[in-house]
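Accompanying notes for the structure given below.
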Amino acid sequence: MLQLLLVDDESYVVDDLEIAFPWTKYGVEKVYTAYSGMEALQVIERNSIDILITDIAMPGMTGLELITRVKEFNKAIKCILLTGYAEFEYAQEAIKQGVVDYLIKPLDHNKLGLCLEETINIMKKEMEQTASYEQALFTFREHLPVMKDKLLNELLQGKNYSEDALVDKLSSFSLTYGKDDDVFLLVIRLEEHFNRYGQNSLLLFEYAVTNIACELLEDSFETWHCRDAYDYLIFTLKAKQTDGFQNSESLLKELTSRSLQLHRNVNEYLGGGISVILTYPGKFSSDLRHMHENAVTAIRKQVGNGTGYFLALTEQPPQVSYIRSMNVLYDPPTFIHLLETSQWDGFEDRLNQVEEAFSALSEQTEEHLDAISTVLMSSFHYIAHRNNVLLSDVAGNALMYRQTFRSLCQLIEWAKQLALTLKEKLEKDVSSQQQAIIREIQVFISSHLSTVSLQSIADYVALHPVYVSKLFKQLSGSSLSEYILSVKMEHAVALLRNSTDKVYEISDKLGYSNSQYFIKVFKEQHGMTPQDFRDKT
C-alpha cells in the first residue's frame with residue numbers, strides 16, 4: 001500500500017482533499033498533510049512517502065523548490081503539482097523537475113483519480129524494471145565466477161580477442177589486468193589423497209585449496225583463477241605494486257616463498273599433498289598459452305607422491321633422452337586373456353608386475369599412468385561385453401567414472417577393486433546359467449523317462465556328455481544316473497499306487513526293457529517287490 005503527502009499553504013484545501021477524496025480506491029493507505037515546504041520536508045524525513053501532491057505558489061518555499069529538495073533526498077518519490085496558476089512556463093519548469101502531472105485548481109476529483117492511476121502505473125513499471133534489473137544483476141553476480149573461469153580458460157587455450165573486446169570483458173568482471181602486464185602462472189594439481197573421495201568431495205577440496213592460495217597471495221598480487229581442461233587449478237598473478245619488488249627475479253623469489261608456504265599449509269590443514277608449478281614471468285595475455293603449455297608439460301612429467309612437490313620453471317627439470325615403454329602391459333598372457341580365462345590370481349600377479357616395472361622407470365610420468373589405465377579399462381570393457389553385460393552396470397558410476405589417477409598406488413587399488421566386482425558378478429551369472437541348465441535337464445528327464453540317456457540329455461542342452469555329467473554331479477551332489485534312477489522309482493511308486501497297470505507295463509513306461517531287472521532294481525530301493533508294495537499299500 002502507498003503513502004501520500006498533501007502540501008498547500010491553504011489549510012482548507014489540504015484538509016478537505018484529505019477527507020473528501022477516496023484514496024483507498026487507488027491503493028493509498030496513509031495520507032499525510034503539511035502546510036509549508038519546510039513542514040513537508042520534515043514529514044518526508046520521518047516517513048516513507050511514495051507520492052507528493054503540492055501547490056506551486058507557497059510562501060517561504062515554492063512547490064518547485066520543494067520538489068527540487070525532495071528529488072535530492074529521494075528520486076523515487078512521484079510528484080504532482082496542484083495550483084491555481086495555469087501559465088505554461090510553470091508547466092515547463094515542472095516537467096524539468098520530473099513532475100508526473102500538473103493539475104489546476106479548483107481540483108476536479110475525476111482528473112485527480114486519473115492522475116493517480118497514471119502515477120501508480122508508472123511506479124509499477126519502474127518497480128518491475130528495477131526488479132528485472134536487480135534479478136539480472138543478481139544472476140550476473142551469481143554466475144560471475146563461472147564466467148571469469150571460462151574467460152581465463154579461453155585465454156589459456158589461445159583464443160584471440162580484439163583489444164577492445166578483451167578490455168570490455170575484463171572491466172565487466174572487475175579484473176585489473178591490462179595488455180602486456182607482467183604476470184606469472186601458478187599451476188596446482190591435487191594429489192591422490194583428495195582424488196579418492198569422489199567428485200563432490202574433490203570440488204570441496206579444490207575450493208579449500210583455492211581459498212588458502214588466495215589468502216596467501218591476494219595482499220600483494222592480483223589473482224585470477226580457474227580450473228583448466230586437465231583438472232588443474234590455474235592462478236594468474238600480477239603484482240599489485242611493483243615498487244616493493246626491484247625486478248622480476250625478486251617477484252619470482254617472493255612467489256616461490258609463498259608457493260612453498262601454500263604447499264605446506266595444504267598438507268597441514270587438509271591432510272593431503274598438492275604439486276605446484278610456478279612459471280617464469282610473461283606478458284598478459286599474449287604469453288598465457290605458452291606459459292600454460294609449458295607448466296602442464298612440466299607437471300605431467302612428474303607423478304606426485306603423498307605430499308606432492310614444488311617446481312619453479314626457471315629451474316628446469318632434468319631432461320631425459322628417451323621415455324621407456326611399459327612392455328609388461330602387452331606381454332602374453334595379456335590382461336584380456338587372464339580375465340577371459342578367469343585367471344583372477346594371475347590378473348593380480350600381472351598388476352604386481354606392472355607396479356614393479358613402473359617403479360623401475362627412470363622417468364615416471366602421468367602418460368605412463370594413462371597408458372596403464374587405458375589398457376586395464378579396455379580389458380574390463382572387453383570381458384564385460386563378452387559376457388553380455390555393460391561394464392557400467394557391473395561396476396557402477398563410483399568405479400567407472402572416477403577422476404584422473406594421481407599415483408600408481410591409487411590406480412592399482414582401483415583395478416583390483418573393479419576386477420573383484422567383475423569377478424563376483426560374472427561368477428554369479430555363471431552360477432545362475434548353470435543352475436538353469438540343471439533345471440532344463442531335470443525337466444527333460446521327467447518328460448522322457450522311457451527313452452532318457454546321457455547322450456539324449458547332452459543333445460538337448462547342446463553340451464558335451466562328459467561336461468553334462470560333471471556339471472550335474474558338481475551342482476546337484478549326485479550323479480546323473482543316480483538322479484534318473486530316483487526319478488524312475490518315484491514314478492514307479494506313483495503308478496503302483498494310483499493305476500491298475502501291470503508291473504511289466506510300468507516297467508515298459510519307465511524304459512526298462514526287462515521287467516525282471518525293474519523288479520530287482522525296485523526291490524533294492526524299497527526292500528520289496530513292486531507287487532508286494534502294491535499289495536501292502
Side-chain angles (χ1 to χ4, degrees), residues 189-199 202 229-231 300-305 322-437 463 467 471:
R189 180 178 69 194
L190 276 65
E191 298 299 352
E192 64 174 290
H193 168 78
F194 301 109
N195 275 10
R196 64 178 65 247
Y197 295 104
Q199 177 65 16
L202 180 61
Y230 304 95
D231 294 334
R300 286 180 63 83
K301 283 185 176 180
Q302 303 290 330
V303 175
N305 51 34
Y322 64 93
I323 298 294
R324 286 175 54 190
S325 171
M326 295 191 64
N327 295 328
V328 68
L329 291 173
Y330 314 101
D331 290 342
T334 63
F335 281 112
I336 287 179
H337 177 76
L338 293 170
L339 291 173
E340 191 173 24
T341 55
S342 298
Q343 297 184 58
W344 304 104
D345 291 339
F347 179 86
E348 189 163 339
D349 290 341
R350 178 55 60 86
L351 287 178
N352 294 333
Q353 293 173 17
V354 169
E355 196 167 10
E356 292 174 3
F358 182 84
S359 300
L361 292 174
S362 58
E363 187 80 356
Q364 299 171 350
T365 72
E366 277 197 11
E367 288 194 10
H368 285 105
L369 292 183
D370 290 343
I372 299 170
S373 174
T374 300
V375 169
L376 289 172
M377 183 60 85
S378 63
S379 302
F380 289 137
H381 277 298
Y382 174 82
I383 194 63
H385 298 170
R386 276 293 301 270
N387 286 273
N388 301 314
V389 295
L390 291 174
L391 184 60
S392 55
D393 291 341
V394 177
N397 290 340
L399 284 175
M400 276 290 292
Y401 305 113
R402 61 176 302 125
Q403 297 301 304
T404 304
F405 298 106
R406 297 305 189 199
S407 72
L408 182 66
C409 178
Q410 190 181 31
L411 196 162
I412 296 296
E413 180 184 344
W414 163 81
K416 289 180 178 179
Q417 187 177 355
L418 185 50
L420 178 60
T421 302
L422 192 60
K423 174 186 175 184
E424 292 173 349
K425 167 66 176 176
L426 296 181
E427 288 182 347
K428 181 179 179 181
D429 288 348
V430 168
S431 176
S432 298
Q433 293 169 3
Q434 291 175 339
Q435 291 293 346
I437 292 172
L463 294 170
Y467 178 74
L471 180 64

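Given the structure is predicted, the values throughout are model-derived calculations rather than measurements. Because only heavy atoms are used, hydrogens play no part in the values below, and waters and symmetry mates are left out as well, while side chains stay in.
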Check whether any side-chain N or O of Q364 sits under 3.5 Å from a backbone N or O of F358 as a donor-acceptor pair, and report yes or no.
yes
Does some side-chain heavy atom of [Y] sit less than 4.5 Å from a side-chain heavy atom of [X]?
{"X": "L369", "Y": "L408", "answer": "yes"}
{"X": "L391", "Y": "L422", "answer": "yes"}
{"X": "R189", "Y": "Y230", "answer": "no"}
{"X": "L390", "Y": "H385", "answer": "yes"}
{"X": "V375", "Y": "Y330", "answer": "yes"}
{"X": "L420", "Y": "W344", "answer": "no"}
{"X": "L202", "Y": "D231", "answer": "no"}

Give me the atom names and distance for the closest heavy-atom approach of [X] to [Y].
{"X": "R350", "Y": "V328", "answer": "NH1-O, 3.4 Å"}
{"X": "L338", "Y": "G346", "answer": "CD1-O, 3.7 Å"}
{"X": "L329", "Y": "V354", "answer": "CD2-CG2, 3.9 Å"}

Can you measure from [atom1] ([X]) to [atom2] ([Y]) and round to the nearest 0.5 angstrom?
{"X": "L471", "Y": "L463", "atom1": "CG", "atom2": "CG", "result": "7.5 Å"}
{"X": "E366", "Y": "S407", "atom1": "CD", "atom2": "OG", "result": "11.0 Å"}
{"X": "T365", "Y": "K301", "atom1": "OG1", "atom2": "NZ", "result": "9.5 Å"}
{"X": "F347", "Y": "L351", "atom1": "CZ", "atom2": "CG", "result": "4.5 Å"}
{"X": "E348", "Y": "K416", "atom1": "CD", "atom2": "NZ", "result": "4.5 Å"}
{"X": "F380", "Y": "I336", "atom1": "CZ", "atom2": "CD1", "result": "11.0 Å"}

Parallel, tilted or perpendicular, judged at 30° and 60°: which one describes the rings of F405 and W414?
tilted
Run the side-chain hydrogen bond (donor to acceptor under 3.5 Å, both in side chains) check on S378 and H381 step by step: do they pass?
CA-CA 5 Å; S378 63; H381 277 298; over 6 Å; no
Over 12 non-hydrogen atoms of neighbours within 6.0 angstrom of CG in N352
yes
More than 12 heavy atoms of other residues, nucleotides or ligands under 6.0 Å from CD of Q353: is that the case?
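Count over threshold, so yes.
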Once ring-ring contact (aromatic ring centres under 6.0 Å, His included) is applied, do any residues pair with H337, and if so which ones, sequence neighbours excluded?
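If we apply the ring-ring contact (aromatic ring centres under 6.0 Å, His included) test to H337, skipping adjacent residues, there are no hits.
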Partners passing salt bridge (charged side-chain N to carboxylate O under 4.0 Å, His left out) against E413 (at least two apart in sequence or in another chain):
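So E413 forms a salt bridge (charged side-chain N to carboxylate O under 4.0 Å, His left out) with R196.
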Going by the rule salt bridge (charged side-chain N to carboxylate O under 4.0 Å, His left out), which residues pair with D349 if we only count those two or more places apart in sequence or in a different chain?
none
As a quick check of understanding, evaluate side chain to side chain contact (heavy atoms under 4.5 Å, CB included) for K425 and D393, giving each step before the final call.
CA-CA 10 Å; K425 167 66 176 176; D393 291 341; over 6 Å; no
